[in-house]
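Reviewing the structure listed below.
Predicted model, so just to flag it, every value in this text is computed and none were measured.
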Amino acid sequence: MKTSTAPALADPGAAEQPRTSLLRRLAETPEVGVVAACVVVFVSLAIDKSTFASAVNLQGMGFDLAQYGLIAIGESLVILTGGIDLSVGALLGTSVILMSWFNVRAGLPPILAVLVTMAIAGTVGLIHGLAVTRLKMPPFVVTLVTYTVAQGVTLAITSGTSITGIGGFFGDVGQTYVAQVPLPLILFVIVAVCAWFFLERTYAGRQVYAVGGNAEAARLAGIRGDRRIVSMYVTSSLLSAFAGIMVLGRMGVGSASGVGVGWELSAIAAAVIGGVSLVGGQGRIIGIVAGTILLELINNGLTTLQINSNYTNIVLGCVLGLAITADRLRARSVARRS
């Protein structure tokens, strides 16, 4: 006698559960909001102004994105440790002048001028880190001092005039295209990937989060937090100088007028908009990149729409205010859950 087993009825809820779980995880991803905002802003501007999505305008945004994005990544690494770096913009401007001066006035080859400037910037970052960790000075005060000194050094070297006759190396870096893609944008992507790998896939990167989240708990766990903090300040300063190479190559002259002024606010805004917590320990590179893209879309969009430039800072300030408010609300929500 043969027996047969009836096929089990498919449970509709079983198929819906993975889909619901995926949607829930996507909705709970901190970066999903800023990524969606980037898409909405881009599509809206592209529909309203056909020139916004043109190849020339996109290439221009690529150059800008690389400059702001590099200092945003450096700023974010410092914020992740629970600190702040107000000197990234001023240090970028000073790096532009130092590279120009070493190359033109001191007669150093472009590569050597870059290396000397990077060494100076790295030393500045080391001083920041040691002042914060060894002397227990507030990061705000330490980097504010550098912000002021850097601007003074820039004006003292140039006396308000531009340095001309820089080597062709800078133009090759700052103005070259690779398959119609700006080289600075490619370099920015490489740096972003390296930063992502460091934070997400290395033990040292996880220690950065631990130090920023709870420095005392990290110390009790045997993590040498001072080293992580110092290294992030050094990295931030180096990235500012690296961005200075691109800015100098794009301008073609070492100018002290307005270069880097206020860029630290854009870097902080990009970090906070991208989900980096101002108290440290939270944030990812994908969000930082998305935050930088959103700011660039807004900034370029206002220009494309021919809106008075006086209103640009008002709009960006409001966006920063909303991002900080969202950060505080998110922090409260996390605190309630725990």
Which is it for Arg219 and Asp226 under the salt bridge (Lys or Arg N to Asp or Glu O under 4.0 Å) test, yes or no, and what are the steps along the way? CA-CA 9 Å; Arg219 185 187 67 82; Asp226 287 358; over 6 Å; no

Thr154-Thr94 side chain donor-acceptor pair, cut-off 3.5 Å: yes

Nearest 0.5 angstrom please: Leu58 CG to Asn300 CG, how far? 8.5 Å

Can you hop from Val96 to Val153 via hydrophobic side chains spaced under 4.5 Å? yes

Taking Ser44 for the side chain and Val41 for the main chain, is one N or O donor matched with an acceptor at less than 3.5 Å? no

In this structure, are over 12 heavy atoms from other groups packed under 6.0 Å from Arg206 atom CZ? yes

Decide if atom CD of Glu216 counts as having more than 12 heavy atoms of other residues, nucleotides or ligands within a radius under 6.0 Å. yes

If hydrophobic clusters are built by linking Ile, Leu, Val, Met, Phe, Trp and Tyr wherever their side-chain heavy atoms come under 4.5 Å apart, do Val34 and Val40 end up in the same one? no

May I ask you to check whether over 12 heavy atoms, not counting those of Leu130, lie within 6.0 Å of atom CG? yes

Can any side-chain N or O of Thr161 pair as donor or acceptor with the backbone N or O of Thr158 at less than 3.5 Å? yes

Do side-chain atoms of Ser54 reach the backbone of Ser50 as a donor and acceptor pair under 3.5 angstrom? no

So does Leu86 get a backbone contact from the side chain of Thr143, meaning a donor-acceptor N/O pair under 3.5 Å? yes

Measure the spacing between NE2 of His128 and OG of Ser87 and express it to the nearest 0.5 Å. 4.0 Å

Gap between atom CG of Leu199 and atom SG of Cys194 - 0.5 Å precision: 11.5 Å

Return yes if some donor-acceptor pair links the side-chain N/O of Tyr147 with the main-chain N/O of Gly89 below 3.5 Å, else return no. no

Output yes when a side-chain donor or acceptor of Asn57 lies under 3.5 Å from a complementary backbone atom of Phe52, and no otherwise. yes

Between Asn299 and Thr303: side-chain donor-acceptor atoms closer than 3.5 Å: no

Would you find a donor on one side and an acceptor on the other, under 3.5 Å apart, between the side chain of Asn103 and the backbone of Gly167? yes

Apply ring-ring contact (aromatic ring centres under 6.0 Å, His included) to the pair Tyr177 and Phe63, showing each step before the final yes or no. CA-CA 10 Å; Tyr177 294 87; Phe63 283 112; 5.6 Å; yes

Given 3.5 Å as the limit, does a donor-acceptor pair link the side chain of Ser236 with the main chain of Met232, or not? no

Is there a donor-acceptor contact under 3.5 Å from the side chain of Glu75 to the main chain of Asp85? yes

Backbone N/O of Met246 and side chain of Gln67: donor-acceptor pair under 3.5 Å: no

